[in-house]
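First the structure, in the form of structure tokens, and then the observations on it.
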Protein chains: 2
Amino acid sequence: MGTSKLELFTKEQNEIAAIAKALSHPARIAIIQSLLKKNSCVCGDLVEETGLAQSTTSQHLKELKNAGIIQGSVDGVNVCYCIDVKTWTKYSNLFAKFFEAATHVKSQCC
Amino acid sequence: MGTSKLELFTKEQNEIAAIAKALSHPARIAIIQSLLKKNSCVCGDLVEETGLAQSTTSQHLKELKNAGIIQGSVDGVNVCYCIDVKTWTKYSNLFAKFFEAATHVKSQCC
DNA sequence: TTACTTAATCGTAATATTGCGATATGTTTT
DNA sequence: AAAACATATCGCAATATTACGATTAAGTAA
């Protein structure tokens, strides 16, 4: 136990949940917002941005990378991260679709 | 440790992360989708929908309720759940705004 | 080569999440 | 009142997440 029973749900449900999971920590939201604003894309700057330890920030970056949201490329001693626009757009559409389903709900049933 | 350092982040960042957390389990996505489709709104039916134990489903419902996404009202022996449309719309807009920020990003920086 | 810098990974501790069975609570029905 | 039903809560076990310091790896500069 302690593990989610993923096999009970549809591919889409698991996908939406997985993306939401990647977005479920404020540090990761902060990182994404920072990258979208393009104030910087260097890992060291993101460490300052989050206010967390370097190792912790690195862990969050890894999760965002695994989710396909960001990508990093080595630039000398630094690593430059950026939003993977293609994936981001895909996720954006998926969430928009998911949320929009409620526009047809006129009234509360209870 | 093990606790997120919420005080390091903005109210908005924490809010987005909190909503995402509520959406970060496929069972909860399944519940929401079911309620949006209005196939049913009775707790017992949602237990079947998820395929999880009654107590586990009840726990997921509680989390969605805590996040303000759904509301339940007692109807005799049953409890009828439904989407809180007002909150849902609010969250929908918040996420749309969050995702849209990337439409201005023309190219990858790295 | 050695020293320095940056970032990833490892090891570990604290806490949170997921899931279930058992039990409690509250509402109908008999 | 007693039995039946639906749902919430409790207690527990397994696993996941968050965070940090220490270490490793790899590039750059002296």
Side-chain angles (χ1 to χ4, degrees), chain A residues 1-9 13-14 17-31 34-35 40-67 70-82 110, chain B residues 1-9 13-14 17-31 34-35 40-67 70-82 110:
Chain A
M1 273 151 257
T3 331
S4 299
K5 290 194 154 184
L6 305 178
E7 72 281 3
L8 290 174
F9 308 99
Q13 286 161 352
N14 281 312
I19 301 165
K21 199 171 201 173
L23 301 176
S24 72
H25 195 289
R28 295 196 286 270
I29 300 296
I31 290 169
S34 176
L35 292 180
S40 83
C41 67
V42 177
C43 177
D45 297 337
L46 294 171
V47 171
E48 280 188 39
E49 191 88 33
T50 62
L52 295 169
Q54 180 266 320
S55 57
T56 307
T57 303
S58 188
Q59 219 171 257
H60 285 305
L61 287 168
K62 194 182 177 183
E63 276 183 73
L64 289 173
K65 211 166 152 190
N66 287 340
I70 64 171
Q71 53 189 166
S73 61
V74 178
D75 177 27
V77 200
N78 301 302
V79 175
C80 173
Y81 284 100
C82 63
C110 44
Chain B
M1 274 150 254
T3 330
S4 300
K5 291 195 157 185
L6 304 178
E7 72 280 4
L8 289 174
F9 308 99
Q13 285 161 353
N14 280 312
I19 302 166
K21 199 171 200 172
L23 301 176
S24 73
H25 195 289
R28 297 196 285 269
I29 300 295
I31 289 169
S34 176
L35 293 179
S40 84
C41 67
V42 178
C43 176
D45 296 337
L46 294 170
V47 172
E48 280 189 38
E49 193 87 32
T50 62
L52 296 168
Q54 181 266 322
S55 58
T56 308
T57 304
S58 187
Q59 218 172 262
H60 284 305
L61 287 168
K62 194 181 178 184
E63 276 184 73
L64 289 173
K65 212 166 151 190
N66 288 341
I70 65 171
Q71 53 189 166
S73 62
V74 178
D75 177 27
V77 200
N78 302 302
V79 175
C80 173
Y81 283 100
C82 64
C110 43

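A note on names: the letters A, B, ... follow the listed sequences, proteins ahead of strands, and every chain is numbered from 1. Here the structure is a predicted model, which is why all the values come from computation and not from measurement.
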> For dA6(D), does OP1 or OP2 lie under 4.0 Å from any side-chain N or O of Y81(B)?
Replying inline: no
>> When you measure from the side-chain N and O atoms of K5(B) to the phosphate of dC20(D), is any distance below 4.0 Å, counting only OP1 and OP2?
In response: yes
> How long is the span from the CG atom in L8(B) to the CD atom in E49(A), to the nearest 0.5 Å?
Replying inline: 11.5 Å
> Could you walk me through whether L61(A) and V79(A) pass the side chain to side chain contact (heavy atoms under 4.5 Å, CB included) check?
Replying inline: CA-CA 11 Å; L61(A) 287 168; V79(A) 175; over 6 Å; no
> For Q59(A) and dC20(D), what is the distance between atoms CD and C1' respectively, to the nearest whole Å?
Replying inline: 9 Å
>> Heavy atoms only, 4.0 Å cut-off, all strands: where does V47(A) land among base, sugar-phosphate and nothing?
In response: nothing
> Would you call K65(B) and Q71(B) a side-chain contact if the rule is heavy atoms closer than 4.5 Å?
Replying inline: no
>> According to side-chain hydrogen bond (donor to acceptor under 3.5 Å, both in side chains), who are the partners of S24(A), at least two apart in sequence or on a separate chain?
In response: none
> Does the side chain of T56(A) get closer than 4.0 angstrom to OP1 or OP2 of dA19(D) through an N or O atom?
Replying inline: no
>> Holding to side-chain contact (heavy atoms from CB on, under 4.5 Å), I want the full list of residues that pass it with A67(B), two or more places apart in sequence or in another chain.
In response: A22(B), I69(B)
>> To the nearest 0.5 Å, what is the distance between CD1 on I31(B) and CG on D45(B)?
In response: 12.0 Å
> Taking CG from N78(B) and C1' from dT7(D), how many angstroms apart are they, rounded to a whole number?
Replying inline: 9 Å
Pull out every protein N or O sitting under 3.5 Å from an N or O of nucleotides 15-17 of chain D, one pair per line with the distance.
{"from": "dT15(D)", "atom 1": "O4'", "to": "M1(A)", "atom 2": "O", "distance (Å)": "2.8"}
{"from": "dT17(D)", "atom 1": "OP1", "to": "K21(A)", "atom 2": "NZ", "distance (Å)": "3.2"}

Distance-only criterion, 3.5 Å: show the donor-acceptor pairs between side-chain atoms of residues 51-58 of chain B and protein atoms not counting sequence neighbours.
{"from": "T57(B)", "atom 1": "OG1", "to": "T50(B)", "atom 2": "OG1", "distance (Å)": "3.0"}
{"from": "T57(B)", "atom 1": "OG1", "to": "A53(B)", "atom 2": "O", "distance (Å)": "3.1"}

Interface polar pairs with nucleotides 23-29 of chain D, N/O, under 3.5 angstrom:
none

>> Output the rounded distance in Å from CD1 (I31(A)) to C1' (dT18(D)).
In response: 13 Å
> For the pair made of CG in L6(B) and C1' in dT18(D), what is the distance, rounded to whole Å?
Replying inline: 11 Å
>> For a 4.0 angstrom threshold against heavy atoms of chain B, report the outermost contacting nucleotides of DNA chain C in 5' to 3' order.
In response: dA14(C) to dT28(C)
> SG of C43(A) to CG of N78(A): how many Å apart, nearest 0.5 Å?
Replying inline: 8.5 Å
>> Can you tell me how far apart SG (C41(B)) and CG (D75(B)) are? Round to the nearest 0.5 Å.
In response: 8.0 Å
>> Tell me which pairs pass salt bridge (charged side-chain N to carboxylate O under 4.0 Å, His left out) where either residue lies in residues 52-64 of chain B, with sequence neighbours left out.
In response: R28(B)-E63(B)
> How many Å lie between NE2 on H60(A) and C1' on dC20(D), as a whole number?
Replying inline: 12 Å
> By side-chain contact (heavy atoms from CB on, under 4.5 Å), which residues pair with N14(B), not counting sequence neighbours?
Replying inline: P26(A), L6(B), F9(B)
